[in-house]
Amino acid sequence: MIQRPRGTQDFPPEQMAKRRFVENSMRVTFKSFGYSEVQTPTFEHLELFTAKSGEGIVDELYAFKDKGGRDLALRPELTAPVIRMYVEKLQMDPKPLKFFYFGNCFRYDRPQKGRYREFMQAGCELIGCDSPAALAELVALAWVLLKNVGLKNIVLRIGNLDFISRVLDNLNIKEEVRKKLFPFIDKKQFDELEVFMRKEGFSGEQIGSLLGFLNCSDVDEVKGFVDDDNLIKPFEEMLSLLPTFGIEKYMVDTSIVRGLDYYKGMVFEIEVPALGAEKQLCGGGAYDLVPLFGGKQVSTAGFAVGFDRTVVALENEGYSFPEERLRAYVVPIDNDSLPYALKVTMKCRELKIPVDVDLTGRSIAKSLKYANSRKAENVVIIGERERETNTVTVKNMETGEQKNVTIGELLNVLKG
Ligand code: AMP
């Protein structure tokens, strides 16, 4: 038996219906914030991803040479591809540009619950406006997107990479050393961070200062470490707008680092406690990629939501997804009734009513059983009597009630 590759997923109909339901909800929300959908290729030049993250990233990618010897990679995320598309053909478009996307991503991760090698992201990029209000709207979009799909308990944390950069500057911590500190900070392993800094020869004062900053939980505390209104004021203004955009609750978290490679300024993350260990659902912020890809400097910000995790989170929170059901299952009782049954079926289909028809010629009892397994709401029975009177017999599968009606009446019932 050939099995699916490690870290990939199959989606049987029930699962797929949930995914499409979530996707549709997200699409409606993105559009309600003035975003337009875009799509980019599944594979890109490897360079697109190494340019941003360095050669080290190749180990985490599905990278390969094609038959022409080109170095390519399956995309591990969609920000770099969307910005590549912008630089390639959309730079002259009026700003701000607001793009959203759904796309499968590929990472050579160690598979576990909630962590796959092929997974889907939903996300967006905002190009050409980084006012406090624009950034507040972006964070609000992430919040509303997840609230609108039906998640009850989401936790939003907002930080700013300019703050930590300033603190590290003040402490005279060099670039190479910063890179080593970030993994500890990213995982909130502050004890391990302290041990590491001691080993590296940092003074108690330096360590205390960094840890003090990382534990800040509001802007006033941050002001004790970052004495620069040019950094603090826009951030404060953005935060002050969040309630107007409908955000009920958030935390300031100065320890969000999100791989400092290309993020800068405001950053945020959303977690769902119901997800357990892999609880991070969304990450984003302001970043700088356009010049790296040869474009003219412009402000950019965005976020990505783990789509698969969103569905799991809803399931874990006990969300009741709407069931996708057949409105009717049409059963010709004998072979002579088949053409009439097909006519009725196709009339329903013209009105886009989801129906199916028995083409196996099996007994009515078996057809009823099958209709039950398909969760059909109604069964339409067609025999000699119905043919002769130009009617159908419709059985409501929930109440068991059975009626003889005209085709017109049937269509009205099924449309309703
Ligand atoms: P990132 O691009 O790493 O910031 O990821 C954005 C979101 O995608 C994360 O918050 C996760 O919800 C989701 N995600 C990242 N990696 C995986 C993975 N291997 N499997 C499933 N979801 C993932």
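Order of appearance sets the numbers: ligands from 1, and atoms from 1 within every ligand. Computation of the quantities below employed the complete heavy-atom set of this structure, encompassing side-chain atoms and omitting hydrogens, waters and symmetry-equivalent molecules.
- The nearest pair of heavy atoms linking Ala313 to Val272 is CB-CG1, 3.9 Å.
- Residue-environment remark: CD (Gln402) exceeds the threshold of 12 foreign heavy atoms within 6.0 Å.
- A distance limit of 4.0 angstrom between heavy atoms and ligand 1 selects the residues Arg107, Asp109, Gly114, Arg115, Tyr116, Phe119, Gln121, Arg258, Gln280, Leu281, Cys282, Ala304, Gly306, Arg309.
- The number of heavy atoms from other shown groups lying within 6.0 Å of NZ (Lys375) does not exceed 12.
- At least one donor-acceptor pair under 3.5 Å links the side chain of Arg75 to the backbone N or O of Pro41.
- Every residue was checked against the salt bridge (Lys or Arg N to Asp or Glu O under 4.0 Å) condition with Lys95, not counting sequence neighbours, and none meets it.
- Side chains of Thr300 and Glu125: no donor on one and acceptor on the other come within 3.5 Å.
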